[in-house]
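In what follows, chains are A, B, ... by sequence order, proteins preceding strands, each numbered from 1.
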There are 2 protein chains.
Amino acid sequence: MSRVRLVEVAREAGVHPATASRALNPNARGEVNQRTVQRVMRAAERLGYVPNTLARGLRTSRSFVAALVIPDITNSLFPPIVRGAEQVLSGAGFTLVLTDTNNDLEMERGQVASMRAHGVDGFIVATARWQDPVVDELVSAGIPTVLVNRRCREASLPFVGSDDQRGVRLCVEHLAALGHREIVHLAGPADTSTGRERAVAFRAALREHRIPVRSSVIECAAYSEAAGVEAAQRLLAGGRPFSAIVAANDLLALGAMATLGEAGLRCPQDYSLTGFNDLPFMRKLTPALTTVAVPLTEMGAAAARTLLEWIATSGEAARPAQSLLPVELVVRATTGPAPA
Amino acid sequence: MSRVRLVEVAREAGVHPATASRALNPNARGEVNQRTVQRVMRAAERLGYVPNTLARGLRTSRSFVAALVIPDITNSLFPPIVRGAEQVLSGAGFTLVLTDTNNDLEMERGQVASMRAHGVDGFIVATARWQDPVVDELVSAGIPTVLVNRRCREASLPFVGSDDQRGVRLCVEHLAALGHREIVHLAGPADTSTGRERAVAFRAALREHRIPVRSSVIECAAYSEAAGVEAAQRLLAGGRPFSAIVAANDLLALGAMATLGEAGLRCPQDYSLTGFNDLPFMRKLTPALTTVAVPLTEMGAAAARTLLEWIATSGEAARPAQSLLPVELVVRATTGPAPA
DNA sequence: GTGAAAGCGCTAACAC
DNA sequence: GTGTTAGCGCTTTCAC
């Protein structure tokens, strides 16, 4: 809590609190005499005045706080998004409140309620499920909300993500060019837009390359190494021949590689493998992972900019802009020519 | 901003706002008739009442918000700390505001001021410099503040960190047992407690093992791979013979390994290497990094608990407890017998 | 056990 | 250009 109040600054400067308030507020400063402004600012400086944003917020119903909802901050995918968002937000004088929901819907619900109680001006949500009751609540409450990374089924909110379709197509093209014809997809969970859309893009890409779409999609329960392990076990058990795997993200790829390695399959000699996201240490692994690089920091920044814009123009109807950031295939050691 | 106000709940329940307030407040609930409590809670539920924490905070000068100051969220060291802190905080009904200072003092100063303006109840600081003006301000303002991971010179605040001395000693012991006698330390920056204390511990450990402490400490400008690269270049240029390197953290170790590799030195055949922190993918590298595992999530959680305790007992004098969490040496492939 | 009244620190109409 | 007044939504003495 701030110690010295506006009244005291006003007294020190020999003016009325309202005048001091105007002098300190950049927007209202014009209505005040230059010399008075000086006097007030001096007094504020001298007393070490820190304005009480709560009181201001109570009066103006603006808090200059934005909330960011993350499923798991220890997943390296999210820190860059947080960073991008924080940079933009703090640059605009906003404070970021963060919650890590641990992928738990009830936790998320509680945290979002608590943040609303704190009067946050808007939300950036990175946890969106394909059908998401929490997001629905935000929508119907009319709170400025931007979806990042994952979106919901109905496109009623602005969304900033990556061009997943292109990313997956680049993977398939690359593998096809290497001669692969037996390509399998380790799909992300069906309750995420990324899981669904990457799978759709995968099937489409196979068709483009006239590769029959057989039982070539294996859905994973989560975006984790453990889920990748489990999926690879199913793949092996299924007996379906394959020479390449397109994993829906890097973690799944890593889990799969570990399991297949234990089964005696070497990458890239016996099979090729691609990931998605290009997490920090992927290029340091042996073999280094071929994957799709996504501009994560920019994604967070763009989401924050979109949110700020919405907040600033709160009068107008919010038109849900969907923005897909460009991705890039990074070819490394896990992809090679198809075995003869 | 919350829509429905307490007055409306009160009207709906047919009671005075003050009564509704008491009924909704767990601490004051006892003063109200059981049946009235029921009636009010029903009404609140029905109307979807979300209390306005700002207004409450204005009245009680408590915000139930804690701030976490992080130097760089994209450094994998910090996400687990954030997660641990967030879990404890949200479990206690607190909200976490996060700032990523990008290691920039001015940025930090501004963000801390802004958070103070928002009336946060306390700070967890992971950016502490050995001499830190921002922390000093927090101290003299009497705001509950806990240092995590890094501490300041004067121990005037509670601190939760890792047992660095033990960690470094374990590294040196391990290397000495493998026959290494020419051990070099890549020290962290001198403006961090970890940099200083690990270096001190290193020298002490050498002495314990009767290894002469020559020009065996190279200070790095930052805790980054780039700084590790640069330090390794200086090491090579200096011409000092070495068979093992104790790096002050994993990133420095990685940078050094890359540079030494380019110079034709193989790890662990030509030299051994240890890191510190055991970041997520260290065990997946080739060779996998021998390093010191630190309970990072627990560190964040412990810091949060310490802060909450301070906030709860704000009347009493805060006694700065320094708590060092146990560490563990994880032996992997980067350490081997000393070359003959 | 419940109502009345005051006020947390600030800002926005409205006067002058 | 500056002072006056009222009130954001809530809690908390103090009466009753």
Atom pair distance, as rounded to whole Å: [atom1] in [X] and [atom2] in [N]:
X	N	atom1	atom2	value
B:Phe64	D:dT11	CZ	P	11 Å
B:Leu6	C:dT2	CG	P	15 Å
A:Arg59	C:dT11	CZ	P	10 Å
A:Glu8	C:dC8	CD	P	11 Å
B:Arg56	C:dG9	CZ	P	18 Å
A:Asn52	C:dC8	CG	P	12 Å
A:Arg5	C:dT11	CZ	P	14 Å
A:Tyr49	C:dG9	OH	P	10 Å

Would you call [X] and [Y] a salt bridge, taking side-chain N to carboxylate O under 4.0 Å as the test?
X	Y	answer
B:Glu8	B:Arg11	no
A:Glu106	A:Arg109	yes
B:Asp72	A:Arg83	yes
B:Glu45	B:Arg42	no

For this session: Compare side-chain N and O positions of A:Ser21 against OP1 and OP2 of C:dT11 and report whether any pair is under 4.0 Å apart.
Result: yes
Problem set entry | Summary of ring-ring contact (aromatic ring centres under 6.0 Å, His included) pairs that have at least one residue in residues 32-80 of chain B, sequence neighbours excluded | B:Phe64-B:Phe94
Name the pairs: protein N/O against N/O of nucleotides 1-5 of chain D, kept only if under 3.5 Å.
residue	atom	partner	partner atom	Å
D:dT2	OP1	A:Thr36	OG1	2.7
D:dT2	OP2	A:Asn33	N	2.9
D:dT2	OP2	A:Thr36	OG1	3.2
D:dG3	OP2	A:His16	N	2.8
D:dG3	OP2	A:Thr19	OG1	2.7
D:dG3	N7	A:Arg22	NH2	2.9
D:dG3	O6	A:Arg22	NH1	3.3
D:dG3	O6	A:Arg22	NH2	3.4

For this session: Look only at the side chain of A:Thr19 and the backbone of A:Val15, and say whether a donor-acceptor pair between them is shorter than 3.5 Å.
Result: no
